[in-house]
Amino acid sequence: MRVAALDQGTTSTRCLVFEDGADWQLVGSIQHAQHYPHAGHVEHDGEELLANLRTLLAQAGRIDAIGIANQGESCLAWDALTGAPLSPVIVWQDARTAESLASLPPDAAARSRALCGLPLDPYFSASKLGWVLRNIPAARTALAEGRLRLGTTDAFFLDRLCGVFATDAATASRTGLLDLQTGQWSPELCAMHGVPPECLPEIRSVNGGFGSIGGVPVTTSIVDQQAALYGHGCRAPGDTKITFGTGAFLLTVAGENRPPESDLLPTVAWRLHDAAPTYALEGGVYDAGAALEWARSLRLFDIMEELSDFEGPSALSRGLVCVPALSGLAAPFWDRTAAPLFIGMSHGTTRQDMVRALLEGIAMLTSGLIAAAPTGASITCDGGLSQSWYFAQFLASASGRTIIVPAMHEVTALGLAELCGVDVSFIRSQTRVFHPDGTVSEADHQLFRKAVERARHWFTPPEGTATHD
């Protein structure tokens with residue numbers, strides 16, 4: 001059995017082919033444009049993403065099944081008759097709806113938490129879809145004429161490629177519109193955000209079948225982070241993975257019951273055919289790979305190999321601290337007003353010191369997520385940053401957990417292949433392990449916590465500072 005695993009991510013679309021009893025191969029990777037029309041706005045072109053999926057599928061050769069992973073909270077509107085997008089893809093990083101969310105009634109946040117488990121944050125799809133209807137006349141016209149479709153990118157891809165207007169339960173749980181109790185769209189949440197429920201896709205199990213492309217069945221469709229959780233082999237409560245892509249995303253398996261309220265967010269991990277949902281707890285860091293790309297654009301480093309080559313004590317232990325909040329702070333703060341900062345620089349601070357502090361800052365924010373999660377003694381990690389041995393070792397020391405890094409770091413695609421029925425145990429067995437070594441002290445944690453508070457209150461003058469009217 002040969003399976004094409006399509007991972008449609010924030011910055012690129014990748015296709016890998018897996019075969020039972022054999023290894024895997026990368027068919028190709030195609031980057032797409034990032035559009036920033038206004039401050040806080042992040043957009044993609046839906047037609048460009050769709051074209052990249054088609055191009056990679058054409059290069060995959062003979063295949064027996066297809067699995068598709070999507071970005072999660074990124075969403076758009078399109079025409080049910082023509083399939084043409086009526087809006088850009090509004091990306092999960094986009095913060096344009098912060099003010100409209102802040103203007104909701106005082107009890108709205110509590111109702112959102114109670115029904116879907118998610119806070120009122122621009123990160124999620126609900127407010128984005130409401131924004132589309134308030135601001136794009138073509139979407140309102142399509143609604144009036146009964147031809148409007150709204151959804152996350154997976155529903156758009158499946159509609160255009162397979163003629164199936166559907167999403168899976170895990171992706172639906174990332175919208176802020178799903179009632180976790182019923183597993184269906186919540187009329188109350190849809191009304192709260194101004195989203196007509198009749199325009200949303202059908203919710204299916206992750207492996208319930210989504211039609212076919214050129215005669216090849218699309219057997220699996222799921223949000224990328226949950227695909228990675230499955231690909232890491234996480235099945236039992238407490239099993240935890242962290243994926244370091246554009247952001248850093250922790251998921252901990254919680255079991256078949258909705259987890260109690262905590263600093264992390266309840267979400268559907270997956271709902272397999274004819275089975276009850278498996279739940280997870282989720283936490284994120286908005287800027288991981290995105291922060292590194294920013295640093296590379298400033299020439300703080302040139303190639304990824306430089307991120308494992310540091311000598312001497314950590315930047316943090318020398319008082320140089322970075323809080324990489326370029327898009328604000330996600331769990332558990334949910335603070336879009338937080339600002340990125342460096343503290344502790346001097347005339348002797350080098351580019352290498354600054355990029356080292358940036359790596360450590362991402363690791364410290366991630367260790368905060370780990371501390372809030374009911375994890376076991378070990379955590380598996382994938383994604384670009386996990387390939388930095390310095391970063392993986394620092395994260396182990398900061399979190400007090402053993403960090404396991406698979407040799408094959410395209411774990412989202414691995415999970416897709418496994419959900420499609422491919423045996424991936426041999427591929428998953430090859431790992432590198434990092435144990436805590438005591439080099440990150442409690443004083444380091446305290447210093448970083450103080451820096452985070454300064455990042456969250458960067459506009460507040462320090463106590464005792466004179467101000468002028």
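- Side chain of E360 to main chain of A315: a donor-acceptor pair is present (N/O by atom type, distance under 3.5 Å, no hydrogens or angles).
- S386 and A392 make their closest contact through O-CB, 4.3 Å (heavy atoms, listed as atom of the first residue, atom of the second, distance).
- For the atom pair L251 CG and L229 CG, the distance stands at 5.5 Å (nearest 0.5 Å).
- For F391, the ring-ring contact (aromatic ring centres under 6.0 Å, His included) criterion is met by F244, not counting sequence neighbours.
- In the model, R271 has no side-chain atom that pairs as donor or acceptor with a side-chain atom of T278 under 3.5 Å.
- Checked by atom type, the side-chain pair D382/H232 shows a donor-acceptor distance below 3.5 Å.
- Considering only residues two or more places apart in sequence or on other chains, Y390 meets the ring-ring contact (aromatic ring centres under 6.0 Å, His included) condition with F310.
- The two residues A331 and L369 have their closest heavy-atom pair at O-CD2, 3.2 Å.
- Residue pairs that meet the ring-ring contact (aromatic ring centres under 6.0 Å, His included) test with at least one member in residues 165-199, sequence neighbours left out, are W78-F165.
- Side-chain contact, T171 with N70: a donor N or O sits under 3.5 Å from an acceptor N or O.
- The main-chain N or O of D335 is never found under 3.5 Å from a side-chain atom of T337 such that the two would form a donor-acceptor pair.
- With hydrogens and angles disregarded, no donor-acceptor distance shorter than 3.5 Å links the side chain of W458 to the backbone of P340.
- Residues meeting the side chain to side chain contact (heavy atoms under 4.5 Å, CB included) test with I136, sequence neighbours left out: S87, P88, W131, V132, A138, A139.
- With sequence neighbours excluded, the residues forming a side chain to side chain donor-acceptor pair (under 3.5 Å) with D287 are S327, listed by chain and number.
- Aromatic ring centres of H44 and H32 lie closer together than 6.0 Å.
- By the side chain to side chain contact (heavy atoms under 4.5 Å, CB included) test, D263 is found to be paired with P332, A372, residues two or more places apart in sequence or in another chain being considered.
- Remark: S112 OG to L101 CG distance equals 9.0 Å, nearest 0.5 Å.
- In terms of heavy-atom proximity, A280 sits nearest to P259 at O-CG, 4.2 Å.
- Remark: side-chain polar atoms of E48 are paired, donor with acceptor, to backbone N or O of A33 under 3.5 angstrom.
- Among residues two or more places apart in sequence or in another chain, the side chain to side chain contact (heavy atoms under 4.5 Å, CB included) test is passed with A227 by I222, T412, L416.
- Under a cut-off of 6.0 angstrom, the local environment of CD in Q34 is crowded, with over 12 non-hydrogen atoms contributed by other residues, nucleotides or ligands.
- F394 meets the ring-ring contact (aromatic ring centres under 6.0 Å, His included) test with no other residue; sequence neighbours excluded.
- Inspection of the T167 and D154 side chains reveals an N or O donor paired with an N or O acceptor under 3.5 Å.
- Of all heavy-atom pairs between P406 and C381, the closest is CD-O, 3.0 Å.
- Residues that satisfy the side chain to side chain donor-acceptor pair (under 3.5 Å) test with N207, not counting sequence neighbours, are absent from this structure.
- Note: W92 and Y123 have perpendicular aromatic rings, judged against thresholds of 30 and 60 degrees for the angle between ring planes.
- Put simply, the side chain of D94 gets close to the backbone of V42: a donor and an acceptor are under 3.5 Å apart.
- Contact check for T246 versus T11: side-chain heavy atoms found under the 4.5 Å cut-off.
- Atom-to-atom distance recorded for L281:CG and T267:OG1 is 9.5 Å, nearest 0.5 angstrom.
- Of the possible donor and acceptor atoms, one in the side chain of Q71 sits under 3.5 Å from a partner among the backbone N and O of G9.
- Side-chain atoms of S388 come within 3.5 Å of backbone N or O of L307 as a donor-acceptor pair.
- Under the 4.5 Å side-chain criterion, counting only non-hydrogen atoms from C-beta, T243 is not in contact with D224.
- How far OG1 of T82 is from CZ of R147: 7.5 Å, rounded to the nearest 0.5 Å.
- At a cut-off of 3.5 Å, with distance as the only test, a side-chain donor of T240 or T252 sits close to an acceptor on the other residue.
- E306 places a side-chain N or O within donor-acceptor distance of the main-chain N or O of D302, the cut-off being under 3.5 Å.
- For the pair R336 and Y286, the cation-pi criterion (under 6.0 Å, within 45° of the ring axis) is fulfilled.
- With sequence neighbours excluded, no residue satisfies side chain to side chain donor-acceptor pair (under 3.5 Å) with S399.
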**Request:** Check step by step if side-chain contact (heavy atoms from CB on, under 4.5 Å) holds for F124 and L265.
**Result:** CA-CA 12 Å; F124 305 108; L265 305 178; 3.6 Å; yes

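- Listed by chain and number, the residues in a side chain to side chain donor-acceptor pair (under 3.5 Å) with R296 are E293 (sequence neighbours excluded).
- In plain terms, the two heavy atoms of L292 and F301 that are nearest each other are O-CE2, 3.3 Å.
- Side chain of S317 to backbone of S314: a donor-acceptor contact under 3.5 angstrom is found.
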**Request:** Before giving the answer on side chain to side chain donor-acceptor pair (under 3.5 Å), spell out for S125 and R174 the whole-Å C-alpha distance, their side-chain angles and the decisive distance to 0.1 Å.
**Result:** CA-CA 7 Å; S125 313; R174 309 307 302 153; over 6 Å; no

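- S100 contributes a side-chain N or O that, together with a main-chain N or O of T97, makes up a donor-acceptor pair within less than 3.5 Å.
- Neither side chain, Q225 nor E282, offers a donor N or O lying under 3.5 Å from an acceptor on the other.
- The side chain to side chain contact (heavy atoms under 4.5 Å, CB included) test with L56 is passed by exactly one of L16, D7, L6: L6.
- Residue W294 holds its CH2 atom at 7.0 Å from CG of L358, rounded to the nearest 0.5 Å.
- A salt bridge between K128 and E73 is absent, with no side-chain N of the basic residue lying under 4.0 Å from a carboxylate O of the acidic one.
- Using a 4.0 Å cut-off between charged side-chain N and carboxylate O, E47 and R160 make a salt bridge.
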**Request:** Begin with the C-alpha distance, continue with both residues' side-chain angles, and end with the deciding distance and a verdict on side-chain contact (heavy atoms from CB on, under 4.5 Å) for R449 and R454.
**Result:** CA-CA 9 Å; R449 285 193 290 268; R454 178 56 61 87; over 6 Å; no

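- Here D168 does not pair with R204 in a salt bridge; the nearest charged N to carboxylate O distance is not below 4.0 Å.
- Residues L178 and A169 approach most closely at CD2-O, 4.1 Å, considering heavy atoms.
- Atom-to-atom distance recorded for R140:CZ and E145:CD is 13.0 Å, nearest 0.5 angstrom.
- Salt bridge annotation for D79-R149: absent, with no cationic side-chain nitrogen under 4.0 angstrom from a carboxylate oxygen.
- For L447, the side chain to side chain contact (heavy atoms under 4.5 Å, CB included) partners are L316, V321, not counting sequence neighbours.
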